[in-house]
Amino acid sequence: MDRDYDVIIAGGGLNGPALALALAQGGLRVLVVDARPASARASEGFDGRAYALALASQRLLSALGVWPAVAALAQPILGIRTSDGVPPEGAAPFLLGFDHGELDEGAMGFMVEDRHLYAAFLAVLEAAPGVTLRSGDSVVGQRVDGAQVTVALASGQVLRAALLVGCDGRTSGVAQRAGIRRHGWGYGQTALVGAIRPEHPHQGLAHQVFLPEGPLAILPLRGGLASIVWSESEANARTIAAMGDEEYRVLLESRIGHLTGHLDLAGPRFSYPLTLTLADRYAAPRIALVGDAAHGVHPIAGQGLNLGLRDVAALAEVLAEARARGEDIGAVDVLERYQLWRRFDSTVLALGMDAVNRLFSNTNPFLRAVRGLGMRAVAAMPGPRRSFIREAAGLSGTLPKLLSGQRL
């Protein structure tokens, strides 16, 4: 059949480019449609937005040829420290800690700024055979016609492919037009995001402080900086977001307590509402969903991008193997393999993060005692500790080739 591409990807954040590079390794012709101009995204300055890449995700980037461009800009995560906290005292002494020395593979993960990661993807995309990037355009329509999907772009162009993949976020237009429903709920929390320069060197440690209104993550960056993801109740967050920088800084310092010492703000401040949203299906005829289009999760463990990259690795492997066998890559039975591989895993993880957030985001003295006992018990048992570390590093379960660092 005369198609323009094998796969069209709606959404050019990070999952879209990653999937395009992976599919190109499998010999497929791919178009990425990104609503934002590539030049604007690639030239953005420091704003503190960063991702915690699990070790398995770093291996995927290596297999795609992206990691060499960001390796020198990435901050290894050498340990994780968790603690309870009560304002205005800040973080209590550590209840549970993990160290990279407990892993045979090295660092537990890496912190990479969004601007560096996208620029690296863009450079590799531009040189990749079989991949076309269309920036400043978007998918506005789709129609399944038997053995192909016809895709309409905002620019007026109409293209045909065997498969359309939605990498277009929690409000995915691809999913909506395919009749895929979503379920979920709001947390009554807002994430306040930014960067700080702490007085005390971070030593490559990531901190998670569980406060009554929501968790506060302090994540190490290069150059002695740290990224914060500070979850507060919606009412508190509105008040805090409206504060001037100095008032904001003093309040944040009181929440963090002794972990950073004096801190200074570095870069702009952002905020966004926190919700859980799960798609009923990850696939429909000639349609597949990846990343936030399939599952939008709480940022409590920094797993959003990692979950998306697991989707990328699984879908790319399923499609590459189907193509090698001469199958129709958009066929329902092929896409069902992807859904079976990913939907249960991502749903369990999303609900697990939901449960942890609910357990810790309260002042109930009974729950506070129970979670303290539980964290101390895990700290004392090598088996559960190692399982937790390997899960956080993305090394548990049946891994697709790309997450093991192998090319397709």
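Here the structure is a predicted model, which means the values were calculated and not measured.
Cation-pi geometry between R342 and Y282 is not met at under 6.0 angstrom from the ring centre and within 45 degrees of the axis.
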Taking it one step at a time, do L153 and R134 satisfy side chain to side chain contact (heavy atoms under 4.5 Å, CB included)?
-> CA-CA 10 Å; L153 304 184; R134 178 187 286 269; 3.5 Å; yes
Decide side chain to side chain contact (heavy atoms under 4.5 Å, CB included) for R249 and D245; before the verdict, give the C-alpha distance in whole Å, the side-chain angles of both, and the deciding distance to 0.1 Å.
-> CA-CA 6 Å; R249 184 199 70 76; D245 282 353; over 6 Å; no
Report the C-alpha separation of H202 and Q75 in whole Å, then their side-chain angles, then the decisive distance to 0.1 Å, and conclude whether the side chain to side chain contact (heavy atoms under 4.5 Å, CB included) test is met.
-> CA-CA 11 Å; H202 56 58; Q75 168 62 52; 3.6 Å; yes
Stepwise side chain to side chain contact (heavy atoms under 4.5 Å, CB included) test for L399 and R59 | CA-CA 11 Å; L399 295 181; R59 290 176 173 176; 5.5 Å; no
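Under 3.5 Å, the side chains of Y51 and N306 contain no donor-acceptor pair of N or O atoms.
Side-chain N or O atoms of R222 include none that pairs as donor or acceptor with a backbone N or O of M111 at under 3.5 Å. When atom types are taken as modelled, the side chain of E317 and the backbone of K401 share a donor-acceptor pair closer than 3.5 angstrom. Under the 3.5 Å distance criterion, the side-chain polar atoms of R177 are left unmatched by any main-chain donor or acceptor of R143. In this structure a side-chain-to-backbone donor-acceptor pair under 3.5 Å is missing from D280 to I180. Judged by distance alone, the side chain of H295 and the main-chain N or O of T347 form no donor-acceptor pair under 3.5 Å. No donor-acceptor distance shorter than 3.5 angstrom exists from the side chain of D4 to the backbone of A161, with no hydrogens or angles considered. Side chain of R49 to backbone of S227: no donor-acceptor contact under 3.5 angstrom is found. In this structure, R3 contributes its side chain and V149 its backbone to no donor-acceptor pair below 3.5 Å.
In this structure, V30 and Y5 have side chains that are not in contact, with every pair of non-hydrogen atoms separated by 4.5 Å or more. In this structure, the side chains of I196 and L265 come closer than 4.5 Å at one or more pairs of heavy atoms.
Distance check: R238 CZ to S233 OG gives 8.0 Å after rounding to the nearest 0.5 Å. Note that NE2 of H298 is 13.5 Å distant from CG of L349, once rounded to the nearest 0.5 Å. For the atom pair D292 CG and N15 CG, the distance stands at 7.5 Å (nearest 0.5 Å). The OG atom of S231 lies 12.0 Å from the CG atom of N236; values are rounded to the nearest 0.5 Å. Between the CG atom in D345 and the CG atom in D311 there is a gap of 8.5 Å [rounded to 0.5 Å]. Interatomic distance, CG of D328 versus CD of Q148, reported as 10.5 Å (0.5 Å rounding).
By the ring-ring contact (aromatic ring centres under 6.0 Å, His included) test, F121 is found to be paired with no residue, residues two or more places apart in sequence or in another chain being considered. Taking the side chain to side chain contact (heavy atoms under 4.5 Å, CB included) definition, one finds that T171 meets it with Q176, sequence neighbours left out.
Shortest non-hydrogen contact noted between R286 and L335 is N-CD1, 3.9 Å. Taking both residues in full, the closest heavy atoms of G12 and V32 are given as CA-CG1, 4.0 Å, listed atom of the first, atom of the second, then distance. Here the closest non-hydrogen pair linking V174 and D168 is N-OD2, 3.1 Å. Closest approach of R323 to L28, counting heavy atoms only: CD-CD2, 3.2 Å. Residues G13 and Y118 come closest through the heavy atom pair O-CD1, 3.6 Å. Nearest approach of I218 to A226, heavy atoms of both residues: CG2-CB, 4.0 Å.
Salt bridge annotation for R255-E213: absent, with no cationic side-chain nitrogen under 4.0 angstrom from a carboxylate oxygen.
Partner of S254 under the side chain to side chain contact (heavy atoms under 4.5 Å, CB included) criterion, chosen from I256, L251, L252: L251.
A 6.0 Å sphere centred on CZ of R325 holds more than 12 heavy atoms belonging to other residues, nucleotides or ligands.
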